[in-house]
**Student:** 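Below are the structure tokens for one structure; questions will follow.
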2 protein chains.
Amino acid sequence: MADEKPAASTRKRRGSGRATIHDVARLAQVGSITVSRYLKQPAQVSTELGARIAAAVAQLHYVPNLVAGGLASTHSRIVGMVIPNISGPIFANTIQSFSDTLSAHGYQLLLASSYFSQEQEESAVRAFLGWSPAALVVTGPFHSKATEKMLAEAQIPVVETWDYRPRRKAIQVGFSNVEVGLQQARYLLDKGYRRIAFVQNSVAGDLSALDRRDGYAQAMAQAGLKPWTFIPTEQAPFDAGRQAFEALALRKKPLEAIIFANDNLAAGALLAGQRAGIAMPDQCALMGFGDYAISPLLLPSLTTIRPPAREIGEIAALRILEALGAVPLDGKHANARLNRLTCEVIARESA
Amino acid sequence: MADEKPAASTRKRRGSGRATIHDVARLAQVGSITVSRYLKQPAQVSTELGARIAAAVAQLHYVPNLVAGGLASTHSRIVGMVIPNISGPIFANTIQSFSDTLSAHGYQLLLASSYFSQEQEESAVRAFLGWSPAALVVTGPFHSKATEKMLAEAQIPVVETWDYRPRRKAIQVGFSNVEVGLQQARYLLDKGYRRIAFVQNSVAGDLSALDRRDGYAQAMAQAGLKPWTFIPTEQAPFDAGRQAFEALALRKKPLEAIIFANDNLAAGALLAGQRAGIAMPDQCALMGFGDYAISPLLLPSLTTIRPPAREIGEIAALRILEALGAVPLDGKHANARLNRLTCEVIARESA
DNA sequence: TTGTAGGCGTTATCAT
DNA sequence: ATGATAACGCCTACAA
């Protein structure tokens with residue numbers, strides 16, 4: 001009774017060897033399509049057959065073959081996400097909340113990182129498309145031509161996260177980096193700083209930081225001030241921050257305040273300032289972006305911008321689930337193509 | 001009757017609408033199996049046909065349907081990974097290096113997080129198995145019975161990471177947490193501390209930390225000393241650390257040194273010590289586990305243990321790729337079932 | 001080196 | 001409510 005090969009055909013030449021829907025159907029003495037229906041919409045199957053099927057499923061340890069189901073129905077419960085990196089301080093919360101929201105509704109996450117390279121993004125998108133994913137999530141609006149084409153032609157929901165461009169076709173879940181640059185500059189201008197510089201990221205491909213720089217430049221122009229941009233050559237973020245600080249704050253006529261493309265650069269600058277005995281923010285104010293875990297712990301603690309990382313992941317997942325009909329449409333934000341989130345200024349000691 | 005439509009036939013009732021291998025074959029005027037071979041092993045196809053096929057692929061923007069391929073071959077290039085969390089400070093580097101190593105060889109990562117819950121792990125493993133993954137990676141040796149059974153019966157490589165149990169069946173890539181507990185206690189004993197306590201994690205399910213506690217207790221017993229364990233009730237790690245510090249270091253006869261289940265707990269204690277004006281390490285030494293990003297920046301900087309997070313991910317991927325024949329077997333560690341890594345004591349100021 | 005036949009496990013379609 | 005049949009797109013086995 002225990003395991004006397006219930007239904008598996010005796011000499012399968014191919015196949016996985018696992019129980020199939022036909023094995024279940026035979027054991028439950030129903031048609032296999034009824035098993036399929038029972039698993040998807042139990043309400044459409046009579047209680048009696050349902051019970052027999054459930055018993056057979058349990059006895060055979062039946063696990064539906066999602067690959068076969070995907071082929072037959074031409075759509076899967078896989079969602080692909082391409083993100084610049086997994087282990088950095090920025091995107092981890094987005095991935096986590098995205099994955100959690102998806103898996104709560106039976107969808108699986110296929111993940112790849114691009115390291116801000118459009119080529120890597122393109123190859124990940126191509127590979128993902130081979131799985132007929134239910135939806136695709138990418139980071140930002142900057143893609144290779146081929147990627148754009150693939151995303152446009154895929155007949156599935158596509159979400160662009162971590163930026164906001166109302167005129168693009170994909171669902172947008174993010175914030176305007178230009179707006180953030182304005183926010184940063186205005187915060188410092190309101191505090192009375194006038195000689196304000198912006199330090200870019202030495203990592204090529206981080207194009208969002210350039211938008212923040214543009215916002216900063218815009219705010220400066222509106223205030224009748226000259227923008228001042230510095231591009232570090234050092235690659236490691238702490239070193240790049242130090243380099244920028246030395247170039248901007250240790251000159252004859254030092255800058256009064258510096259905005260950095262991210263908190264790691266700012267942290268490098270802050271440590272350099274400590275060593276040089278510069279009083280911060282009095283002699284030079286520093287402002288970052290990202291609100292990394294280290295930022296509240298630095299001395300002085302780092303004034304920065306907190307992006308809605310977790311929120312981005314969750315909203316992206318909800319919009320996808322809504323578009324797929326996996327989640328009901330309620331609430332006034334339901335199924336919105338444009339999801340404009342905002343960043344928060346975290347005012348601490350450094351500015 | 002033979003429809004001579006080059007690409008998409010006009011009235012497909014099912015199907016994705018994308019170009020298939022047959023469309024490519026027709027356009028290139030070859031058999032579809034030749035296209036299949038060309039895509040997998042170009043060397044087996046003549047240069048002439050290869051060129052025709054390549055042209056057709058490009059013209060049709062053909063993307064192989066991996067779902068169909070997976071069904072036909074009963075194995076996919078998907079690898080599933082279940083990890084306690086994505087956004088915490090511990091596992092992100094493992095995920096990143098694992099994903100990078102896999103994707104460099106054309107494999108895709110299906111990811112889910114368990115939050116240290118065996119139920120969530122089980123449901124993720126079950127869902128992953130539906131995709132006929134090429135391999136499966138889980139964290140640690142502690143699984144539900146059903147998970148154990150599924151892993152044992154899946155005819156694929158299974159890797160257990162972040163721990164090391166030579167007698168288990170799965171491929172092991174990690175370190176002995178008992179050994180780490182010994183390391184921690186011995187480091188403090190060597191420094192002359194005698195009254196040493198261990199603070200557990202308030203997060204249930206982190207069973208590895210209990211192994212470290214056991215190692216600590218073992219070392220204490222060997223030194224003829226009494227172990228002293230504290231279990232915080234506060235849930236947030238910083239709060240739990242503070243609570244432990246107050247209970248252990250601010251008593252009449254305070255402990256001399258405290259080992260924490262992770263760096264966040266230690267950081268919470270350290271900040272509490274600063275506020276209370278306790279000199280560290282002179283009045284009380286603190287030691288963490290994990291070497292989080294904040295740890296070198298604290299004052300005093302935190303002495304801790306650095307686990308080989310990145311290495312775990314990379315070696316896990318390599319062992320899988322070797323087992324699947326995707327990577328040649330060379331080097332004496334090749335294809336080892338037991339991969340015992342070591343943790344490093346990072347000696348800083350706090351102990 | 002290239003081609004033919006048939007099956008992988010499920011679901012859509014249509015019929016009862 | 002339930003079932004028979006035929007795809008879904010590719011790959012294995014075997015043949016030429």
Side-chain angles (χ1 to χ4, degrees), chain A residues 7-9 11-26 28-53 57 60 62-78 129-132 155, chain B residues 2-3 7-9 11-26 28-53 57 60 62-77 129-132 134 155:
Chain A
S9 47
R11 44 173 189 84
K12 277 201 168 130
R13 297 178 315 187
R14 292 165 63 174
S16 57
R18 285 168 21 197
T20 74
I21 205 170
H22 300 296
D23 299 326
V24 174
R26 208 173 307 144
Q29 303 188 335
V30 298
S32 34
I33 190 64
T34 307
V35 177
S36 174
R37 271 196 282 258
Y38 171 75
L39 294 171
K40 296 233 147 16
Q41 301 160 1
Q44 290 191 11
V45 174
S46 67
T47 341
E48 188 195 332
L49 292 196
R52 293 221 304 266
I53 292 169
V57 164
L60 297 175
Y62 170 67
V63 177
N65 184 328
L66 302 176
V67 180
L71 178 59
S73 66
T74 68
H75 57 76
S76 70
R77 291 199 158 209
I78 277 186
L129 282 176
W131 287 104
S132 306
Q155 304 291 326
Chain B
D3 61 332
S9 49
R11 48 176 186 82
K12 276 203 171 124
R13 296 177 315 185
R14 292 165 67 174
S16 58
R18 283 169 21 198
T20 74
I21 205 170
H22 300 294
D23 298 326
V24 174
R26 206 175 309 144
Q29 302 188 333
V30 298
S32 36
I33 189 63
T34 307
V35 176
S36 173
R37 272 197 281 259
Y38 171 76
L39 295 171
K40 296 230 148 15
Q41 301 160 1
Q44 290 189 12
V45 174
S46 66
T47 339
E48 188 194 332
L49 293 196
R52 294 221 303 265
I53 293 169
V57 165
L60 297 174
Y62 170 66
V63 176
N65 184 329
L66 302 177
V67 180
L71 178 59
S73 65
T74 68
H75 57 76
S76 69
R77 291 199 158 210
L129 282 176
W131 287 104
S132 305
Q155 305 291 326

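The chains referred to below are lettered A, B, ... by the order of the sequence lines, with proteins before strands, and numbering in each begins at 1.
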**Student:** Using a 4.0 Å heavy-atom cut-off, does B/L49 contact any base of the nucleic acid, only the sugar-phosphate backbone, or nothing at all?
**Tutor:**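 The residue B/L49 makes sugar-phosphate contact but no base contact.
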
**Student:** What nucleotide among D/dG3, C/dT10, D/dC10 has an atom nearest to a side-chain atom of A/A68?
**Tutor:** C/dT10

**Student:** Answer with base, sugar-phosphate or nothing: what part of the nucleic acid does B/I21 contact at a heavy-atom distance below 4.0 Å?
**Tutor:** sugar-phosphate

**Student:** Using the side-chain heavy atoms of B/V45, tell me which of these nucleotides is nearest: C/dT2, D/dG9, C/dT11.
**Tutor:**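 Looking only at heavy atoms from C-beta outward on B/V45, the closest nucleotide is C/dT2.
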
**Student:** Which pair of heavy atoms, one from A/W131 and one from B/S76, lies closest together, and at what distance?
**Tutor:**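 Closest approach of A/W131 to B/S76: CH2-CB, 3.3 Å.
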
**Student:** Take the protein atom CD1 of A/I53 and the nucleotide atom P of D/dG3, then report the distance between them rounded to whole Å.
**Tutor:**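 After rounding, the gap between these two atoms is 8 Å.
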
**Student:** Of all the heavy-atom pairs spanning A/R18 and B/G130, show the shortest one and how long it is.
**Tutor:**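 Distance-wise, the nearest heavy atoms are NH2-CA, 4.3 Å.
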
**Student:** Can you check the A/R26 CZ to D/dG3 P distance for me, whole Å?
**Tutor:**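 Distance, rounded to whole Å: 14 Å.
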
**Student:** Looking only at side-chain atoms of B/N65, point me to the closest of D/dT2, D/dC10, D/dC11.
**Tutor:** D/dC10

**Student:** Want to settle it: does B/A43 or A/H75 sit nearer the 5' end of DNA chain C, counting the closest nucleotide to each?
**Tutor:** B/A43

**Student:** So which one's nearest nucleotide on DNA chain D is more toward 5', B/R37 or B/K40?
**Tutor:** B/K40

**Student:** What is the distance from CD1 of B/I33 to C1' of D/dC10, rounded to the nearest Å?
**Tutor:** 8 Å

**Student:** Please pick, from D/dC10, C/dC8, C/dT2, the nucleotide with the shortest atom-to-atom distance to any side-chain atom of B/L71.
**Tutor:** C/dC8

**Student:** Starting at atom CD of A/E48, determine the distance to atom P of D/dT2, rounded to an integer number of angstrom.
**Tutor:**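 Whole-Å distance recorded here is 8 Å.
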
**Student:** If I compare all heavy atoms of A/V24 with all of A/V57, which pair ends up nearest, and what's the gap?
**Tutor:**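 Minimum heavy-atom contact is CG1-CG2, 3.9 Å.
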
**Student:** Distance check: side-chain N/O of A/T34 vs OP1/OP2 of D/dG3, anything under 4.0 Å?
**Tutor:**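 For D/dG3, OP1/OP2 do have a side-chain N/O of A/T34 under 4.0 Å.
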
**Student:** Of all heavy-atom pairs between B/L71 and A/N65, which one has the smallest distance, and what is that distance?
**Tutor:**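 Minimum heavy-atom separation between B/L71 and A/N65: CD1-ND2, 4.4 Å.
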
**Student:** Using whole Å, report how far CZ of A/R52 lies from P of D/dA1.
**Tutor:** 16 Å

**Student:** Specify the separation, in whole Å, of atom CD of A/Q44 and atom P of C/dA12.
**Tutor:** 11 Å

**Student:** B/L66 has an atom CG; how far is it from atom P of D/dG9, in whole Å?
**Tutor:**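 In whole Å, D/dG9 P and B/L66 CG are 13 Å from each other.
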
**Student:** Using a cut-off of 4.0 Å on non-hydrogen atoms, how would the nucleic acid contact of B/Y38 be classed: base, sugar-phosphate, or nothing?
**Tutor:** nothing

**Student:** Select one nucleotide: of C/dG9, D/dA4, D/dC11, the one nearest the side-chain heavy atoms of A/A72.
**Tutor:**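 Looking only at heavy atoms from C-beta outward on A/A72, the closest nucleotide is C/dG9.
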
**Student:** Hey, does the side chain of B/R52 reach the backbone of B/Q29 with a donor-acceptor pair shorter than 3.5 angstrom?
**Tutor:** yes

**Student:** Is the shortest heavy-atom distance from the side chain of B/Y62 to the side chain of B/L39 under 4.5 Å?
**Tutor:** yes

**Student:** Taking the side chain of B/V30 as heavy atoms from C-beta outward, which of C/dG3, C/dT2, C/dT10 is closest to it?
**Tutor:**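 For B/V30, the side-chain atoms sit closest to C/dG3.
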
**Student:** Look at the side-chain N and O atoms of B/S46 and state whether any lies under 4.0 Å from the OP1 or OP2 oxygen of C/dT2.
**Tutor:** yes

**Student:** Between A/S36 and C/dT10, is there a side-chain N or O to OP1/OP2 distance below 4.0 Å?
**Tutor:**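 The answer is no; no side-chain N or O of A/S36 sits under 4.0 Å from OP1 or OP2.
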
**Student:** Between P on D/dG9 and CG on B/D23, what's the gap in Å once rounded to a whole number?
**Tutor:**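 So the CG-P distance, B/D23 to D/dG9, works out to 9 Å.
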
